[in-house]
Amino acid sequence: MMSFAWATLALTGVAFAMAGGLGGEVPGTMLRAAMDAVSLAIRLAGGFAFWSGLMAIVEDSGLARSLARLLAKPLSRLFPGVPMAGEAGQAITMNLTANILGLGNAATPMGLKAMRLLGGEARDAVATDAMCLFLVLNASSVQLLPTSVIALRAASGSAEPASILLPTLIATTISTVVGVAACILLTRRGRHA
């Protein structure tokens with residue numbers, strides 16, 4: 001389906017360029033865009049390698065496990081029906097810890113595992129309250145180290161790529177608080193409806 005969507009967008013763009021009398025510029029523009037994409041990917045590779053190495057050090061040093069232990073108690077209050085010492089609780093804790101530390105790639109498998117475990121034996125199309133809350137926490141996740149955005153800013157030539165640390169921390173904290181509050185209110189409302 002996505003291949004069809006991309007092909008449709010590309011063909012529509014070419015059609016509009018030709019209709020506007022710019023058909024001769026299409027091949028050159030496409031080639032420049034492809035070269036720019038490769039150049040950006042190469043610049044990003046260095047930043048991602050640096051941050052991935054730094055995050056590996058954070059994991060190996062035990063900082064990620066320490067943060068996971070700190071999160072276990074507050075998470076047990078947010079997920080009262082989920083034992084944090086159990087498999088689902090550990091998956092939730094490790095996923096959120098990885099997100100907080102900017103380890104998006106490491107967070108994904110744990111997030112998928114947590115979501116599957118939170119669904120339990122029920123395989124119907126209705127998400128549980130715990131699944132909804134976990135999705136909100138995962139999507140709005142507080143970011144201490146927004147490594148992907150810092151790498152993108154550095155690759156784009158930003159003079160201070162890490163200057164977004166404080167604004168990102170503030171924005172993600174607010175979004176997480178609002179998201180959790182909305183989940184709690186909607187859950188309570190659903191029980192009383």
Side-chain angles (χ1 to χ4, degrees), residues 1-3 5-10 12-14 16-17 22 25-72 74-75 90-115 133-180 182:
M1 186 64 178
M2 284 305 292
S3 297
W6 286 113
T8 302
L9 287 172
T12 303
V14 170
F16 273 101
L22 301 173
E25 295 181 29
V26 170
T29 302
M30 290 173 65
L31 185 60
R32 275 192 306 278
M35 290 179 0
D36 288 346
V38 170
S39 176
L40 177 63
I42 290 170
R43 287 194 313 262
L44 283 175
F48 282 123
F50 170 75
W51 287 109
S52 294
L54 185 63
M55 291 300 116
I57 292 169
V58 166
E59 280 186 77
D60 291 344
S61 71
L63 180 61
R65 284 187 300 279
S66 297
L67 185 56
R69 280 193 299 274
L70 283 172
L71 287 176
L75 288 175
Q90 288 178 350
I92 291 170
T93 304
M94 288 310 295
N95 169 269
L96 294 177
T97 300
N99 275 331
I100 288 169
L101 294 175
L103 303 168
N105 291 338
T108 301
M110 285 291 122
L112 293 172
K113 180 179 180 180
M115 193 61 82
L133 178 59
F134 177 66
L135 181 63
V136 167
L137 283 172
N138 209 332
S140 67
S141 184
V142 172
Q143 291 282 302
L144 293 179
L145 294 171
T147 55
S148 299
V149 178
I150 291 172
L152 281 168
R153 287 172 50 89
S156 297
S158 173
E160 296 181 37
S163 65
I164 61 161
L165 284 173
L166 184 59
T168 301
L169 179 60
I170 292 168
T172 57
T173 300
I174 291 170
S175 70
T176 301
V177 168
V178 169
V180 168

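Model, not experiment: these values are computed from the prediction.
For the pair T172/S140, no side-chain contact is recorded, criterion being any heavy-atom separation below 4.5 Å from C-beta on. Using a 4.5 Å cut-off on side-chain heavy atoms (C-beta onward), T97 and L70 make no contact. Under the 4.5 Å side-chain criterion, counting only non-hydrogen atoms from C-beta, P146 is in contact with I164. Residues Q143 and I100 have side chains not in contact (no heavy-atom distance under 4.5 Å, counting atoms from C-beta outward). Using a 4.5 Å heavy-atom cutoff, the side chains of L22 and F16 are not in contact.
In this structure, CE in M110 is found 11.0 Å from OG1 in T93, a value given to the nearest 0.5 Å. We find the CD-NZ distance between Q90 and K113 to be 7.5 Å, quoted to the nearest 0.5 Å. Within the model, atoms CG of N95 and CZ of F134 stand 3.5 Å from one another, a figure rounded to the nearest 0.5 Å.
Paired with V142 under the rule side-chain contact (heavy atoms from CB on, under 4.5 Å), one option of L137, T176, V177 passes, and it is T176.
Scanning all heavy atoms of the two residues, the minimum distance from A154 to P161 falls at N-CB, 3.7 Å. Of all heavy-atom pairs spanning P167 and S163, the tightest one is CD-O, 3.6 Å. Between N138 and G111, the closest heavy-atom pair is ND2-CA, 4.3 Å. Across every non-hydrogen atom of L165 and L144, the tightest pair is CD2-O, 3.6 Å.
Listed by chain and number, the residues in a side chain to side chain donor-acceptor pair (under 3.5 Å) with T168 amount to none (sequence neighbours excluded). Annotation: side chain to side chain contact (heavy atoms under 4.5 Å, CB included) contacts of V178 (sequence neighbours excluded): I174.
Between the side chain of S156 and the main chain of R153, no donor-acceptor pair closer than 3.5 Å is present. The backbone N or O of E25 sits less than 3.5 Å from a side-chain atom of T29, completing a donor-acceptor pair.
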